[in-house]
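To start, the structure under review is shown below, and the notes come after it.
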Amino acid sequence: MKRLRDEKTIRKIYRDGERRTSNELTLLYLQNQCHRLNYAIHVGKRFGIAVRRNKIKRVFRELLLQFKEKLVGYDIVIRPKKKAEEISFHQLSQRVEKLFIEAEIPIQK
RNA sequence: GAAGUUGCUCAGGUGAUCGCGCUUCGCAGCAUGGCGGAGUGAGGAAAGUCCGAGCUCCGAAGGGCAGGGUGGUCGCUAACGGCGACUGGGGGUGACCCUAAGGAAAGUGCCACAGAAAACAAACCGCCCGCAGCGUCCAAUCGCUUAAACGAGAGGUCGAAGCAGGUAAGUUUGAAACGGUGAGGUAAGAGCUCACCGCUUUGAUGGCGACAUCGGAGGCAUGGUAAACCCCACCCGGAGCAAGACCAAAUAGGAACACAUGUCGUGUCAGGCCGAUUUUUAAAUUGUCCUGGCGCGACGAAGGGCGGCCCGUCCAAGGUGUUCGGGUUAGGUCGCUAGAACCGGAUGGUAACAUCCGGUCCAGAGAAAUGAUCAUCACUCCGGCCUUGCCGGAGAACAGAACUCGGCUUAUGCGUAACUUUGGUC
RNA sequence: GGUCCCAUCGUCUAGUGGCCUAGGACGUUGGCCUCUCACGCCGAAAACACGGGUUCGAACCCCGUUGGGACCA
């Protein structure tokens, strides 16, 4: 699992990728060539000061760790919404898994 | 016990599992990558960007003006608008706190409403004395008369207005009224005189100094406002690591507008006036001068740079300047962290701080990494119980390095020391 | 990261020490007009971002916060 830091790749995902939304986040995804999960978490300034933004990013990174072995071959971008701050880690985990199922990404056992 | 003032410390520890950034080593490998090990990894405010510096570039960072900043004194410091000590003023019962705290007798401006008057001294309302006339009242005396009544009436008293003079805040207004309070004094009053306080000025003593204490003199002149302009003293060139340096790649020498192309010298060519020579006229040759073209040299400048202006200085025909357009491009490397650094000690100093000795190496990352769960220990709070204790539950703030330091300000949890005021009990 | 600018009724604004108990326009709202609506007329409510300081007096001057906005190779 690797963090995406290349601006061009992220733009490509925004342009060509599929997207699914829930109350808590927006998920964008695109198949890639390598057999790994690359991710980016997009937290704008409307979430407040730097500490809060960093906290959201840490929560989502921890959450993606669960899917590390199951989701390979995809580049994804996660855009949290403000409601994501209000619910617990466990609830958030379920919502994300649901989104992955909706997206018909094959979850490997 | 309560309320408060000032200073200081810490910013949870340990272990396990899963993860992250950077550096480095090893293995496999040459795909956009993988696996494993080691080291290291946020703050007291990293924040606001309010000051000050280092560093880099802008010509070499020059002079003056403008502009900006600071403003008790002495010190500390690389520097500061910071810090320390002291002085004056103000606040608080107090511990203690606050203080842009130079100049209003260089000049200008402003001081609404109210008030007689708002700045330089007067006018007005008053008070007092004097003058001449008028009126009221009293009245010596006189006329007439027996007397009374009546009439006249020197002089006095009171009153209103006038003239000339004296007078100061009387009595309001106001934030503020040419010293304040008290006593004497006077026609009425007034520093007119006296005492105390204030002020001005002068001297002595103490202090490096701000200033303090004591004394003499003047009798009061100098309203407030400078976080109004201003004056005085001191300081400041501008920009900022997106500074800047190097490398690579790409574009292709683009468009529009503005401005200069002058003067002098000299060479050459062409033309013209005049003269000389040859010569029958005409024409030819040649010389001085003038005009024009070209070349060379010197001077020169519209403009531009030195990010406000002037001086000064530099560039200035191989055109320059401004604007627009196109391309690269969210390219790479360096700058980039060993420093006015941190810790401990000694010495000097009231202190800020300085010097010396010993030790330590402590993030340098592409929009950017430190976290999650569990256990346990420590801390705080709440509840219960058999109250030196045990059990259960809850909590842990503000907040995340982006070139680096020194401060200030703001946000914020817990603890602790000294001191102050106050309540209760002994 | 750095350099700057701004803040007045719900919105756009005027105000540059006293005339400010802050003016105007649009909007809101009450009444009149009309058969009703619109237009028109008369009225009302509504703001100096916050905290200190200077001054007799502050929306205005000074300092500090808070919020918003612009720019950079």
Side-chain angles (χ1 to χ4, degrees):
Chain A
M1 196 168 80
K2 196 82 179 172
R3 196 171 84 234
L4 283 170
R5 293 199 290 201
D6 188 12
E7 175 79 14
K8 283 183 174 172
T9 314
I10 291 172
R11 281 194 173 172
K12 195 183 175 197
I13 295 166
Y14 268 97
R15 197 176 56 240
D16 302 330
E18 307 259 342
R19 62 176 69 194
R20 294 284 184 278
T21 59
S22 74
N23 282 335
E24 291 79 22
L25 69 147
T26 302
L27 171 74
L28 297 97
Y29 58 97
L30 188 69
Q31 232 168 348
N32 63 7
Q33 272 73 42
C34 63
H35 294 289
R36 296 183 307 135
L37 177 66
N38 297 325
Y39 70 97
I41 302 161
H42 194 147
V43 183
K45 212 158 193 188
R46 64 208 174 96
F47 286 89
I49 57 178
V51 169
R52 285 179 65 192
R53 297 200 302 268
N54 286 350
K55 177 150 190 168
I56 290 166
K57 283 188 268 190
R58 283 170 189 152
V59 165
F60 274 93
R61 196 180 314 123
E62 198 69 32
L63 202 146
L64 283 173
L65 221 61
Q66 303 174 3
F67 302 96
K68 178 188 171 190
E69 302 297 329
K70 301 174 183 173
L71 294 166
V72 293
Y74 279 92
D75 291 339
I76 65 172
V77 173
I78 287 177
R79 289 178 58 91
K81 299 183 182 177
K82 281 221 163 184
K83 281 185 182 172
E85 279 184 298
E86 296 164 9
I87 65 175
S88 71
F89 181 85
H90 267 318
Q91 289 175 297
L92 211 55
S93 175
Q94 289 168 2
R95 304 296 168 89
V96 171
E97 189 164 14
K98 198 178 162 195
L99 270 188
F100 281 138
I101 292 165
E102 265 182 40
E104 296 176 346
I105 296 175
I107 298 178
Q108 300 183 350
K109 296 291 162 136

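Predicted model, so just to flag it, every value in this text is computed and none were measured. Below, each value reflects all heavy atoms present in this structure, side chains not excepted, and no hydrogens, waters or symmetry copies.
- In terms of heavy atoms, Ile41(A) sits closest to Arg61(A) at CD1-N, 3.9 Å.
- Distance CG (Asn54(A)) to P (A372(B)): 12 Å, rounded to an integer number of Å.
- For Arg53(A) and A47(B), the CZ to P distance is 13 Å, given to the nearest whole Å.
- Figure legend. G12(B) is base-paired to C377(B); pairs are counted as Watson-Crick or G-U wobble with both atom distances under 3.5 Å.
- Between G109(B) and G166(B), the distance separating the two P atoms is 33 Å to the nearest Å.
- Judged by Watson-Crick or G-U wobble contacts below 3.5 Å, the nucleotide G151(B) has C142(B) as its partner.
- With sequence neighbours excluded, no residue forms a salt bridge (charged side-chain N to carboxylate O under 4.0 Å, His left out) with Arg58(A).
- Atom P of C96(B) sits at a distance of 26 Å from the matching atom of G407(B), rounded to the whole Å.
- C229(B) adopts an anti glycosidic conformation, its chi angle falling more than 90° from 0.
- For the P atoms, the distance linking C426(B) with U6(B) amounts to 36 Å, nearest Å.
- Between the C1' atom of G371(B) and the CZ atom of Arg52(A) lies a distance of 18 Å, rounded to the nearest Å.
- Using atom P as the reference point in both A154(B) and A132(B), the two lie 14 Å apart (nearest Å).
- For Ile56(A) and A369(B), the CD1 to P distance is 13 Å, given to the nearest whole Å.
- Residue Glu62(A) has its side chain nearest to A372(B) when only A369(B), G400(B), A372(B) are considered.
- Between Lys57(A) atom NZ and G400(B) atom C1' there is a gap of 11 Å when expressed in whole angstrom units.
- When Watson-Crick and G-U wobble pairs are counted only if both distances are under 3.5 Å, A70(C) pairs with U3(C).
- Remark: C1' of G19(B) and CZ of Phe60(A) are 17 Å apart, rounded to the nearest angstrom.
- Comparing the same atom, C1', in A367(B) and in G21(B) gives a spacing of 14 Å after rounding to whole Å.
- Straight-line distance from the NZ atom of Lys55(A) to the P atom of A372(B): 6 Å, rounded to whole Å.
- When Watson-Crick and G-U wobble pairs are counted only if both distances are under 3.5 Å, A283(B) pairs with U278(B).
- C25(B) and A401(B) have their P atoms separated by 31 Å, with the value rounded to a whole Å.
- Base orientation of A42(B): syn (glycosidic angle within 90° of 0).
- The nucleotide C76(B) finds its pairing partner in G82(B), both defining distances of the Watson-Crick or G-U wobble pair being shorter than 3.5 Å.
- Atom CG in Leu28(A) sits 10.5 Å away from atom CZ in Arg20(A) (nearest 0.5 Å).
- Residues passing the side chain to side chain contact (heavy atoms under 4.5 Å, CB included) test with Ser22(A), sequence neighbours excluded: Glu24(A), Leu25(A), Leu99(A).
- Judged by Watson-Crick or G-U wobble contacts below 3.5 Å, the nucleotide A38(B) has U23(B) as its partner.
- For the pair Leu63(A) CG and G371(B) P, the interatomic distance rounds to 18 Å; values are reported in whole Å.
- In this structure G15(C) sits in the anti conformation; its chi angle is more than 90° from 0.
- Taking only side-chain nitrogens and oxygens, Arg61(A) never comes nearer than 4.0 Å to OP1 or OP2 of G371(B).
- In this structure, U268(B) forms a base pair with G293(B), meeting either the Watson-Crick or the G-U wobble geometry with both donor-acceptor distances under 3.5 Å.
- Look at the C1' atom in both G237(B) and G62(B): the space between them is 11 Å, to the nearest Å.
- For the P atoms, the distance linking C41(C) with C5(C) amounts to 45 Å, nearest Å.
- Under the Watson-Crick and G-U wobble criteria, each requiring two contacts below 3.5 Å, nucleotide U171(B) is left unpaired.
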